[in-house]
Amino acid sequence: MAANREGQEENKDRYFKLVHGNKTLLQSEKLYEYLLETSVYPREPQCLKEIRELTYKHPLSAMMTSPDEAQFLSMLLKLINAKNTMEIGVFTGYSLLATALAIPDDGKILALDITKEHYEKGLPIIQKAGVAHKIDFREGPALPLLDQLIQDEKYHGTFDFVFVDADKDNYVNYHKRLIELVKVGGVIGYDNTLWGGSVVAPPDAHLDEHFLYVRDFVQELNKALAVDPRIEICQLSIADGVTLCRRIG
């Protein structure tokens, strides 16, 4: 019995670290540090470093996009020549700043978040970086704002890229709306789609109730995306799991 309890606690601790520690599914912490120190941090703009270090001091710092994921998104935005973008879930603005730096000077980001409180902490750094003019921040629940956009046909099929890192229990609802707003050939990126590896956790895994609650919605999204004929998908094991959806119809 003692061995069984130890195993349960080990599983719980492992999944907790994946979500609340470094966001990586790599089995070796040293390997992840190597990745950051060799390829990410040396090329990270000073303004991104500043907002990252600021966010690390925040009690909810685990909500921040990981540095390697931000670097990946920046490269992706440039590869697809994204200009008109959207971000759902802003927090302090780390990934938002990475996007603003990657798109052209006349590019736009519609940034949606339930509260402006955290964004205002990173805003001075964004302003100092000279990219605040690209950002249209809207405070409030994202679903009503998306519904407003859908009601106006001029927004249909206009977004090159959308990044979603917000309330997981609405991911499927977001997808139903975003598929109308992103252009054919455009990309939607969903963050945390492996949810600390817990998507394959056994039924008897001892995880906290909220963690399991969110895991169920992540699994629901993954199943829905896998059979959606309107998109091509690629699920990546970077950070806590990122699924890219390219609209094809």
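No experiment lies behind these values; they were computed from the predicted model shown.
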Do T55 and T92 get their side chains close enough for a donor-acceptor pair, meaning under 3.5 Å?
-> yes
Establish, from distance only, whether the side-chain atoms of Y119 and K116 form a donor-acceptor pair under 3.5 Å.
-> no
Show which side-chain atoms of residues 174-187 pair as donor or acceptor with protein atoms under 3.5 Å away, not counting sequence neighbours.
from : atom 1 : to   : atom 2 : distance (Å)
Y174 : OH     : D167 : OD1    : 2.5
Y174 : OH     : D167 : OD2    : 3.4
H175 : ND1    : Y190 : OH     : 2.8
H175 : NE2    : D228 : OD2    : 2.8
R177 : NE     : D147 : OD1    : 2.7
R177 : NH1    : N173 : O      : 3.0
K183 : NZ     : D160 : OD1    : 3.0

Answer with yes or no whether the hydrophobic clustering places F159 together with L244; edges join I, L, V, M, F, W, Y residues whose side-chain heavy atoms lie under 4.5 Å apart.
-> no
Atom of [X], atom of [Y] and distance for their closest heavy-atom approach:
X: L60; Y: F91; answer: O-CZ, 3.2 Å
X: S95; Y: E87; answer: OG-OE2, 2.6 Å
X: A142; Y: L112; answer: CB-CD1, 4.1 Å
X: Q127; Y: A132; answer: CG-CB, 3.9 Å

Determine the interplanar angle of the W195 and F211 rings, folded into 0 to 90°, and report it as parallel if under 30°, tilted if 30 to 60°, perpendicular if over 60°.
-> parallel
Side-chain ion pair, E232 and R247, N-O less than 4.0 Å = no
Per side-chain hydrogen bond (donor to acceptor under 3.5 Å, both in side chains), T193 is matched among T243, D240, N222 by T243
Name all pairs fulfilling the salt bridge (Lys or Arg N to Asp or Glu O under 4.0 Å) condition that reach into residues 88-109, sequence neighbours left out, sorted by first residue then second.
-> K83-D106
